[in-house]
Structures are given as structure tokens and as C-alpha cells.
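Encoded as C-alpha cells, the structure appears first; notes follow it.
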Amino acid sequence: MKNILNLFALFICSQILFFSCGNDQPISEEKFIKIYANMVIMQDTSSLNQVQVRDTVLSIYKYSLNDYKKTIDFYNSDPERWQKFFDKVVTYVESLKPKTKTRVL
């Protein structure tokens, strides 16, 4: 009976660990914002197709396709998370634009 209880406890603990680890995103939000923004910029400014752009940007940031897909899955699990993410991407892209000085006469 004691062995059955130990196995049951081990099973419960392993399930908790499995499901709690599944909610983590492999690529941090800060990095993913930069990766996503760079993908969008490259798609607009290069002749590469989407797959080539994705693979190029991921290699620059040293992330695997698996990391990217897991991060996409993480964001897909909560649509509100995507909205907040896109707002941060827009802010990041805006920060990349050169600032023009206004001249006072």
C-alpha cells in the first residue's frame, strides 16, 4: 500500500512539474519583441520570403525554431497577452525611428 501511495505522489508531482513548465516562454518577452520587430522590418525591406526572414532573425538572436514555436504557443494561450505584446512591439519600433530636431526661428 505504501508503494502505491509513493507512486501516486510521484505521479502527481511529475504532473505538476510538467504543467507548470509548459507555461513558460522559451524566449523572454524583451527578446521576442526585438525578434518580432526585426522580422516585420526585414519582410518589408528585403526580398527574402517569410521562412528565410524567420530563420535569419532567429539565427542572429541564437534561438531555435523550436524555441520560437514554443513562444508562439505561449502567446496563443492568451489573446490578451498578444495585444499587450503588439503594443510593446509598436513602442519598440517607434523608438527605432530617428528623432528629428525641430528648429525654432
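Note that the structure is predicted; figures quoted are calculated from it, not measured.
When side chains are defined from C-beta on, V89 does not count as touching K34, because their heavy atoms never get closer than 4.5 Å. In this structure, the side chains of V53 and S46 come closer than 4.5 Å at one or more pairs of heavy atoms. Side-chain contact between N49 and Q43 is absent, with no heavy atoms from C-beta onward closer than 4.5 Å.
Sorted by first and then second residue, the ring pair (Phe, Tyr, Trp, His ring centres under 6.0 Å) pairs with a member in residues 30-50 read F32-Y75, F32-F85, Y36-F85, Y36-F86; sequence neighbours excluded. Residue pairs meeting the ring pair (Phe, Tyr, Trp, His ring centres under 6.0 Å) criterion with at least one partner in residues 42-65, sequence neighbours excluded, are absent.
For the pair R81 (side chain) and N76 (backbone), a donor-acceptor distance under 3.5 Å is absent.
Here the OH-CG distance, from Y68 to L58, works out to 7.0 Å after rounding to the nearest 0.5 Å. If you take OG1 on T71 and CG on N66, they are separated by 9.0 Å, rounding to the nearest 0.5 Å. In this structure, CG in D55 is found 11.5 Å from CD in Q50, a value given to the nearest 0.5 Å. Summarising the geometry, atom CD1 belonging to I35 is positioned 10.0 Å from atom CD1 belonging to I60; distances are rounded to the nearest 0.5 Å. One distance of note links CZ of R54 with OG1 of T56; it measures 10.0 Å at 0.5 Å rounding.
The hydrophobic clustering, which links ILVMFWY residues whose side-chain heavy atoms are closer than 4.5 Å, places V90 and Y92 apart.
Nearest heavy-atom pair, I41 versus L96, reported as atom, atom and distance to 0.1 Å: CD1-CD1, 4.1 Å.
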